[in-house]
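Notes to accompany the following structure.
Here is the naming used below: chain letters follow the sequence lines, and residue numbers restart at 1 for every chain. These figures come from a predicted structure and were not determined experimentally.
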Amino acid sequence: MSSPLLAVAGLSVRFRMSGGRTVAAVSDVSFDLAAGECLALVGESGCGKSVLASALLGLLPGNAEVRGAVHAGGRDLLTADERTLARRVRGRLIGLVPQSPAAHLTPVRTVRAQLAETVRELTGAGAAALPDAVLAAADRAAFPADHLDRYPHQLSGGLAQRAATALALVGDAPLLVADEPTTGLDRALVDRTVDELRRHVDDGRGLLVITHDLAAAERVADRVAVMYAGRIVELADAGTFFGKPGPRHPYAAGLLAALPERDFTPIPGMPPELHALPPGCAFAPRCPRATDACAQRPALTEGTACHHALDSAHA
Amino acid sequence: MLELRAITAGYDRRAPVLREVDLTVADGESVGLLGPSGCGKSTLARVAALLHRPDAGQVRLAGEPVTGFRHRAPRAQRTAVGVVFQQPRLSADPRLTLRDLVAEPLRATGRAAHVPERTADLARTVGLGDDLLTRRPHEVSDGQLQRACLARALVLRPRLLICDEMTAMLDASTTAALVGVVEAYRADSGAALLAVGHDRVLLERWCDRVTEFAASGTASEAAVA
């Protein structure tokens with residue numbers, strides 16, 4: 001494999017809150033993403049997934065403290081200044097497919113106007129070439145040309161998603177980050193949206209999908225990273241994770257077992273608060289396999305951060 | 001428990017979202033209403049919850065015809081139905097603590113004396129600790145807030161519970177947990193359920209019967225095993 005498109009090493013994000021509290025949103029996260037590969041980052045709401053996406057794009061609020069390294073396109077994104085991020089990274093190196101397209105699009109301008117502005121900014125297309133470039137940009141995300149003069153509120157959820165994806169693709173960024181791209185869509189639309197994202201992966205882009213929808217992750221991903229309380233607890237090949245032998249971390253196994261097509265039984269308890277994490281394994285209080293050893297935080301070794309990982313025979 | 005007959009409803013009389021839709025939920029029965037986004041299933045759920053007045057058609061609740069909707073609905077009918085919506089952030093007053101959010105229906109119906117006992121009881125049922133109950137919506141996750149919204153829907157012991165995409169924003173484990181709370185309440189109280197959603201696998205696992213809602217705004221009743 002060639003050198004990765006995106007290399008995240010030891011990334012941690014802390015928020016300083018009033019009253020001296022510290023929220024550990026992301027802790028010591030490392031992963032690589034290659035061209036033509038899709039990594040799905042899954043986990044419960046509030047586990048730090050979206051903060052991770054914001055960190056990659058330099059979109060964290062001012063009270064965030066970031067450590068570690070994020071290498072992409074030959075530079076460290078964490079030390080890049082705002083000018084570099086704005087001119088070289090956002091849209092050009094990393095395209096963001098946002099969580100809520102209806103909120104991401106400007107409500108008072110048509111899709112055509114928003115695409116034209118983005119095309120002009122990112123590609124420098126002149127006035128003569130602009131109309132055709134806009135049509136081509138819409139076409140790449142399968143946005144119908146006869147809807148270009150509509151405003152965002154006149155679009156269905158699926159078309160708004162395509163409009164947002166079209167904007168993300170304009171800069172021809174080799175890396176796409178999709179933050180909960182399927183929330184609130186019905187199943188048919190979820191399938192279509194992830195299939196379209198997959199098409200861009202098969203065209204050679206790298207895709208990081210952040211989602212709590214395991215069915216969508218299974219459909220789109222080559223590899224799966226399971227996040228719990230700000231840490232990656234399992235990093236596995238999607239085929240073995242969703243099929244046989246299945247997940248090895250008890251939390252990941254519990255999350256899959258909770259699906260209605262499987263056992264439909266919840267994991268007992270609730271995730272810990274990110275400002276009051278236990279010293280050892282954060283999942284231990286909810287874990288059926290926990291022992292005294294779990295007072296020591298397990299390192300991520302061979303794709304699993306657990307002292308009592310389920311072995312391959314368990315499935 | 002609930003009978004909807006020839007309901008025509010929408011937001012513009014010239015272009016109704018629903019035309020002549022029938023739906024019945026028997027006492028103690030759980031019915032799933034399945035359909036793509038924009039098909040009018042949420043509108044039908046709002047009519048069933050007495051939150052939207054249909055243009056035409058008849059609604060009967062526990063055999064009694066419904067004559068008024070929203071604030072015009074008689075209290076006995078209004079409080080017989082509990083509702084949980086898709087987006088907890090849009091259905092929770094951001095100024096209230098979770099404890100007050102759950103207690104609000106009791107206070108609004110003159111049952112403030114029951115607040116300490118019922119909120120403590122329900123907080124335990126839905127898995128909210130004392131610390132979480134003192135927080136406001138912006139200080140909790142979507143899953144935690146939806147737990148509080150479910151507790152609020154159960155606090156008056158409704159005989160019909162309506163869940164409109166209750167779990168669309170939630171992860172698999174929280175989904176299974178909240179469905180478990182609903183089913184435990186139904187087993188205990190004999191309440192009926194109308195669950196609206198677009199996840200066929202979930203509704204077929206959850207409900208006695210699933211009704212498919214076609215895009216044209218007409219329901220065809222189909223029983224599933």
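Both the backbone and the side chain of A:Leu255 come within contact range of chain B, with heavy atoms under 4.5 Å apart. Contact annotation for A:Glu180: neither backbone nor side-chain heavy atoms come within less than 4.5 Å of a heavy atom of chain B. Looking at B:Val179, only its side chain comes within 4.5 Å of chain A, counting heavy atoms on both sides. At a 4.5 Å heavy-atom cutoff, the contact between A:Asp263 and chain B is made by backbone atoms alone. Residue contact with chain A, scored on non-hydrogen atoms closer than 4.5 Å, involves the backbone and the side chain of B:Ala177 alike. B:Glu165 does not touch chain A: none of its heavy atoms, backbone or side chain, sits under 4.5 Å away.
By the 4.5 Å heavy-atom criterion applied to side chains, B:Leu132 and A:Glu273 are counted as neighbours. Side chains of B:Gln144 and A:Met270 form a contact here, defined as non-hydrogen atoms less than 4.5 Å apart. Using a 4.5 Å heavy-atom threshold, the side chains of B:Leu202 and A:Glu261 count as separate. No side-chain heavy atom of A:His212 sits under 4.5 Å from any side-chain heavy atom of B:Leu170.
The number of heavy-atom neighbours closer than 6.0 Å to CZ of B:Arg186, taken from other residues, nucleotides and ligands shown, is above 12. More than 12 heavy atoms of other residues, nucleotides or ligands shown are found within 6.0 angstrom of CZ on B:Arg89.
A donor-acceptor pair under 3.5 Å is formed between the side chain of B:Arg205 and the backbone N or O of A:Pro260.
Listed here is the closest heavy atom pair of B:Ala176 and A:Pro266: CB-N, 3.7 Å.
Put simply, OG on B:Ser173 and CZ on A:Phe264 are 11.0 Å apart, with the number rounded to the nearest 0.5 Å.
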